[in-house]
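Reviewing the structure listed below.
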Amino acid sequence: MHDLINDLARYVSREFCFRLEGEDSNKISERTRHLSYAVTRHDACERFEGIYDAKLLRTFLPLSEAWLRNQINVLPVSRVWPRNEIDNKVTHDLLPRLTRLRVLSLFNYSNVAELPDSMGKLKHLRYLNLSATSIKRLPEVVSTAYHLQTLILENCKELVELPDSVGHLKHLLYASLKGAKIKMLPESMSTLYNLQTLVLEDCRHLVRLPHSIGNLKHLQYVTLKGTTIKKLPASMGGLCDLQTLILRSCKDLIELPDDMGRLINLSHLDITGTKLSKMPQHMGKLTKLQNLSDFFLGKDTGSSIQELGKLQHLQGGLNIWNLQNVGSAPDALQDNVKGMKHLKTLNLIWDGDPNDSGHVRHVLDKLEPDVNMEYLYIYGYGGTRFSDWVGDSSFSRIVSMELSRCKYCTSLPPLGQLGSLKELTVRGFEGLAVVGREFYGSCTSVRKPFASLESLTLSKMPEWREWISDQGMQAFPCLQKLCISGCPYLRKVLSNHRLPSLTTLEIEGCRQLVTSFPRCPIIDKVKLDDGFGFRHLLLGRLPSGMHSLEVARCYSTDSIPKEMEQISCFLTTLEQIEMENCDSLKCFQLELFPRLKILRISKCSNLEFICEHEGPLEDLTSLHSLKIWECPKLESFPKGGLPASCLTELQLFDCADLKSLPEHMNSLLPSLEDLRLFLLPKLEVFPEGGLPSKLKSLYIEDCSKLIAARMQWSLQSLPSLSKFTVGVDENVESFPEEMLLPSTLASLEILSLKTLKSLNYSGLQHLTSLEQLTIIDCPNLQSMPREGLPSSLSSIQIWRCPLLDQRCQQR
């Protein structure tokens, strides 16, 4: 049905709407009103020749705009997306002739740095988009577009100011300067009386707004997200039509206007990530407020907790900060949150030690939310016991809860009664010594405790010693992940329980934990991490049937090598092992784990071998990935090589003593596709026979001896190699040498070659498949080859090459 409607729409509008594809502009008729086209890397004037006759054209729109706008929103600040260019004749000759234009976009044309004065003829423009161009200053001629309603100048990284004449755009409704470098707005903008939307997001140089912004009485939406503004003008309190104000990530913002209470139509206020410490007076007058990210309670000034209680239409999530500032007067302790029936997430946050734990408990009593609450977070609570409503079974919709840094509490609330609770985190209970039966609540045999809980995290409880539960209690039937950390005196974990759904168990910093694990028939992953060193590593007590084992920070025990053979006997299903910071590990004994698929060893300072025997290994047919990072004593691989026919990924990073790669890689590792070598100063050559023929990606960084011997690499014999990266060397002046790289290469990255002065044309000319060239941090690179680069290139990215940048600017 959708296709039929689309076909019908195109048929009906065929005389007036034209989509330019390829070079068929001669098909444009005089009656064409609306033109869209797919942009190319360089849109030449010849492509648009047929448009000269379309004198009634009203829309000139690149089709890739929506896609690129989406990319801008998700890429990091250092993003690089494809940049396009348009022939200057189009902007200086063709477009000024189209005097009936209503919609004009030059989005992402990086060569557009200015608009000609002849653009002043476009007096009927309603929509102008110059986003991601190189324009530095909005030209005065734009002010002649009296009917302009939408002006978009997003990610114009060179734009530093707007002209005063922008105030002539009396019909402007929407203005977006997102990501521009402007420092202030001109005072003349105060005459844009019809402006409804103002987007100043990520204008990181913008430090203040003009006081006259209060004249824009029709403003409905303002976002200052990510700016460096410290204060808002007091005049903003007069923007009575304002509905949305976004101040998220304004990290320098310290206060809001005193008369915020006059913004009676405000429905959305986002102040996440600011430096606010209080709310202005009379916030309770904002009765239409539906979304409020945070509410800050001042110590003696600003809106009080009872003002918050007047905002009964709040929905979504709310953070209430500085609850230690709630006074003890009776009117300060009303039921402030219970009437907010549409609120789904509530974070209650105290800061500092309480003077009166009874008063703190009373405050929590009065903060009881509606029973429809789904997410509850309590941080810094200073009472010794929780209010009765915390854990009450009436809160049947709570799915996630966190109780954090409640250091004076000596017991946990009956959270087992929360039938929908799926995720629970308890951390920072410094006074808790026993988790008893009260934690489970008054559940019955029909309604099991923690009936829906899937993830349980218990951490940073230095005095916790016992976890008491009744024999045979059928709690935690759905628990999938259990994490316990920073509990040095805890001795046993649910040993009386059967956890039928548990798949992941993580233990960290529990050096007294020596009893058996819970019965977990389908356990898949166990992680053991102890910053203090295990007295008993518990390896002999691990549940069978698991597929993944992680062991980290075992500094002082010698049990790892002793237990390795035992593990391999009863953990026959192990497919992944990760070991980190295990100083006692000298030999991994890879031969004991024939079913292993993934092995990762990192920061094991005494690791010397990955095989106990010197002779050839038996076939490791299951091994797919091997990564060894920061193991300075590893010198070599087993004699005879690694017979891992399915290995596809091999990474070696910062192994200072490693002198050679596995022998016979070309025959014993026939499936290897990705080889990454980082910081291997003693590695000199590839093994005899070269690298495997199926290798697709090769990364070599900071391997000085290996890079010095690059003419012996024999990369020409690798028919599948499509990506090559070389980096961090101070002895390469010209790269690449002739016939060094194979013609199959599609991507070439050159990183931090500090002495590189030139690219060698003779080493590039045969790379007929090369599509992407990236050069980063080569400070002495002065020029590209005079003869040019391979014609197959579609993307060139150059960062931090100052000499090359200077030369390009001079040209």
Side-chain angles (χ1 to χ4, degrees), residues 290-295 308-309 311-321 323 335-350 360-361 363-381 383 385-406 409 411-429 432 435-444 446-459 469 473-483 499 501-502:
Q290 297 179 12
N291 297 101
L292 176 62
S293 63
D294 303 85
F295 193 94
L308 174 63
L311 306 178
Q312 294 294 296
H313 297 293
L314 288 182
Q315 57 190 19
L318 172 64
N319 303 317
I320 307 178
W321 298 80
L323 282 165
D335 290 332
N336 294 288
V337 184
K338 200 166 188 177
M340 301 176 185
K341 298 186 180 300
H342 301 289
L343 207 60
K344 301 300 181 185
T345 301
L346 180 62
N347 295 340
L348 305 175
I349 305 161
W350 283 260
V360 175
R361 167 76 184 274
V363 171
L364 185 60
D365 288 344
K366 297 302 180 179
L367 289 171
E368 178 181 351
D370 184 79
V371 293
N372 290 317
M373 187 65 54
E374 296 179 5
Y375 301 89
L376 179 63
Y377 174 73
I378 300 177
Y379 180 86
Y381 173 64
R385 291 180 59 248
F386 283 93
S387 301
D388 292 340
W389 65 264
V390 180
D392 190 271
S393 59
S394 62
F395 289 87
S396 59
R397 296 189 180 183
I398 287 186
V399 295
S400 179
M401 179 181 289
E402 179 170 343
L403 307 177
S404 182
R405 219 197 72 182
C406 305
C409 282
S411 63
L412 294 178
L415 303 180
Q417 301 176 151
L418 302 176
S420 298
L421 187 63
K422 292 185 177 181
E423 183 177 1
L424 173 61
T425 298
V426 179
R427 62 162 54 97
F429 278 59
L432 183 69
V435 173
R437 296 177 180 85
E438 74 284 349
F439 183 45
Y440 299 88
S442 57
C443 295
T444 64
V446 177
R447 191 178 66 181
K448 301 176 181 178
F450 298 101
S452 301
L453 195 66
E454 297 176 357
S455 175
L456 174 59
T457 299
L458 304 163
S459 68
S469 60
M473 180 180 288
Q474 296 181 343
F476 308 106
C478 298
L479 190 65
Q480 299 174 18
K481 183 176 181 180
L482 174 60
C483 304
L499 304 179
S501 303
L502 193 70

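These values consider heavy atoms only, across backbone and side chains, with no hydrogens, waters or symmetry-generated copies. Quick caveat, the model's predicted, so the values are computed rather than measured.
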Smallest separation among heavy atoms of Val390 and Pro414, with atom names: O-CD, 3.9 Å
Sequence-distant partners of Ser400, side chain to side chain contact (heavy atoms under 4.5 Å, CB included), two or more places apart: Tyr375, Glu423
Reported CD1-to-CG distance for the pair Ile378 and Leu346, which is rounded to 0.5 angstrom: 8.0 Å
Leu453 vs Leu415, side chain to side chain contact (heavy atoms under 4.5 Å, CB included): CA-CA, chis, key distance, verdict: CA-CA 10 Å; Leu453 195 66; Leu415 303 180; over 6 Å; no
Check: Ser452 side chain, Leu421 main-chain N or O, donor-acceptor pair, under 3.5 Å: no
Residue that, paired with Ile320, satisfies side chain to side chain contact (heavy atoms under 4.5 Å, CB included) out of Asp294, Leu348, Asn347, Ile349: Leu348
Non-hydrogen atoms of Gly309 and Met340 that approach each other most closely: CA-CE, 4.3 Å
Parallel, tilted or perpendicular: rings of Phe450 and Phe439 (30°, 60°): tilted
Polar side-chain atom of Ser420 near backbone of Ser396 as donor-acceptor pair, under 3.5 Å: yes
Gly380 versus Trp350, closest heavy-atom pair with distance: O-CB, 3.1 Å
Lys344 atom NZ: more than 12 heavy-atom contacts under 6.0 Å: yes
Distance-minimising heavy-atom pair for Tyr440 and Pro449: CD2-CB, 3.8 Å
Note, Thr345 side chain near Glu374 side chain (heavy atom, < 4.5 Å): no
Within 6.0 Å of CZ in Arg361, more than 12 heavy atoms from elsewhere: yes
Leu376 side, atom CG; Leu403 side, atom CG - distance, nearest 0.5 Å: 7.0 Å
All side chain to side chain contact (heavy atoms under 4.5 Å, CB included) counterparts of Ser404, not counting sequence neighbours: Tyr377, Tyr379, Glu402, Arg427
CZ (Arg397) with more than 12 external heavy atoms under 6.0 Å: no
Atom pair CG/CG of Leu432 and Leu412 - distance to nearest 0.5 Å: 5.0 Å
Straight-line distance of Leu314 CG to Leu308 CG, nearest 0.5 Å: 6.5 Å
Interatomic spacing from CG in Leu502 to NZ in Lys481 - rounded to 0.5 Å: 11.0 Å
Ser442 backbone acceptor or donor facing Gln417 side chain under 3.5 Å: yes
Euclidean distance, Leu482 CG relative to Thr457 OG1, rounded to 0.5 Å: 8.0 Å
Phe395 and Trp389 aromatic ring geometry - parallel, tilted or perpendicular at 30°/60° bounds: tilted
Side-chain donor/acceptor of Ser501 to backbone N/O of Pro477, under 3.5 Å: yes
